[in-house]
There are 2 protein chains.
Amino acid sequence: MKISDAVEALGALAQQSRLEVYRYLVQAGPGGVAAGAIAEHFGMPGATLSFHLSALKQAHLVVCQREGRSLIYSANYQTMGELMSYLTENCCQGGV
Amino acid sequence: MKISDAVEALGALAQQSRLEVYRYLVQAGPGGVAAGAIAEHFGMPGATLSFHLSALKQAHLVVCQREGRSLIYSANYQTMGELMSYLTENCCQGGV
DNA sequence: TTCATATTTCCAGAATAGTCAAATTATATT
DNA sequence: AATATAATTTGACTATTCTGGAAATATGAA
């Protein structure tokens, strides 16, 4: 993971609403949650949620797939794992 | 660590210059580096560096101590450890 | 004291991020 | 086709962040 990717992933998580949404998707598991259901759960306007989801998607922290009229979002554990590795290697004691 | 603390720490690291400065301080080790030396290393105006250091300090990711006319900044590994724990517990598979 | 050095704070401007109603796109149902 | 539902994009606005010169603060040396 390059530093610019780490900055993007960190930035995507560095906002209360987005971190809550990401946690929620992690808890929801691989099945994911439809955008509308996420918006309802957090009482957030659709446009606002969509803005935040696109930041998470841009950082590859979530993926989405269409199912009928719904878009199902789910956490992409791989990117989070890469971010954790980046931080462990570059920002923790004993790092390179 | 509360979610608001996690957001603050993530936000402090979610900027290229700050992430580079933090990495540099981690590499420098417990002895730390004077603000001026950091600014010189990155070719960054003092005021700009000071702004970024205060964000890292606010998030408790760095600490500083005066030594003569210099302020020596060093990485605070404990906060980074707490952030890693937060992410592991809340944002990774198998989390609560 | 006076001068020099190290750093921060103040200030203003430029850039980016966050919010949400309204319009648009995509899909499904009748 | 016409209508309804799910979500995104657009657009306008407000708020926050970033940048760096200039002024202020703090310490040390002559």
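FYI, side chains are in, hydrogens and waters are out, and symmetry mates aren't considered; it's all heavy atoms of this structure.
- Counting non-hydrogen atoms under 4.0 angstrom, B/G46 reaches a base of the nucleic acid.
- When distances are taken from the side chain of B/R66 to each of C/dT7, D/dT27, D/dC18, the shortest belongs to D/dT27.
- Considering only side-chain N and O atoms, A/Y73 lies nowhere under 4.0 angstrom from the phosphate OP1 or OP2 of D/dA6.
- Mapping B/R18 and A/I72 onto DNA chain D by nearest heavy atom places A/I72 at the nucleotide closer to the 5' end.
- Residue B/R69 has no polar side-chain atom (N or O) positioned under 4.0 Å from OP1 or OP2 of D/dA29.
- When all heavy atoms are compared, the tightest approach of A/S74 to A/P30 is CB-O, 4.0 Å.
- Rounded to whole Å, the distance from CD on A/Q58 to P on D/dT8 is 14 Å.
- With C/dT9, D/dT9, C/dG18 as the choices, the nucleotide that has an atom nearest any side-chain atom of B/S50 turns out to be C/dT9.
- Atoms CZ (B/F51) and P (D/dT16) sit 13 Å apart, rounded to a whole Å.
- For the pair A/Q15 and B/S70, nearest-nucleotide mapping onto DNA chain C gives the more 5' position to B/S70.
- Here D/dG21 is the nucleotide among D/dT9, D/dT8, D/dG21 with the atom lying nearest to any side-chain atom of B/A47.
- Whole-Å rounding puts the B/I38 CD1 to C/dT8 C1' distance at 14 Å.
- Without hydrogens or angle criteria, A/N76 side chain to A/V63 main chain gives no donor-acceptor distance under 3.5 Å.
- A donor-acceptor pair under 3.5 Å links the side-chain atoms of A/T79 to the main chain of A/H60, judged by distance alone.
- Residue A/H52 places at least one side-chain N or O closer than 4.0 Å to OP1 or OP2 of C/dT19.
- Protein atom CD of A/E40 is 14 Å distant from nucleotide atom P of D/dT5, rounded to whole Å.
- Counting to the nearest Å, the P atom of C/dA15 and the CD atom of B/Q16 are 19 Å from each other.
- Among the atoms of the strands shown, only primed sugar atoms or phosphate atoms (P, OP1, OP2) are found under 4.0 Å from some heavy atom of A/A34.
- No contact: A/A55 has no heavy atom under 4.0 Å from any strand.
- Checking the phosphate oxygens (OP1, OP2) of D/dG20, a side-chain nitrogen or oxygen of B/T48 falls inside 4.0 Å.
- Proximity of a side-chain donor or acceptor of B/R18 to a complementary backbone N or O of B/H52 within less than 3.5 Å is not detected.
- Distance, A/L71 CG to C/dT25 P: 16 Å, rounded to whole Å.
- Residues satisfying the side-chain hydrogen bond (donor to acceptor under 3.5 Å, both in side chains) criterion with B/E20, sequence neighbours excluded, are B/Q16.
- D/dT9 atom P lies 11 Å from atom CG of A/L53, rounded to whole Å.
- Between A/Q65 atom CD and D/dA6 atom P there is a gap of 18 Å when expressed in whole angstrom units.
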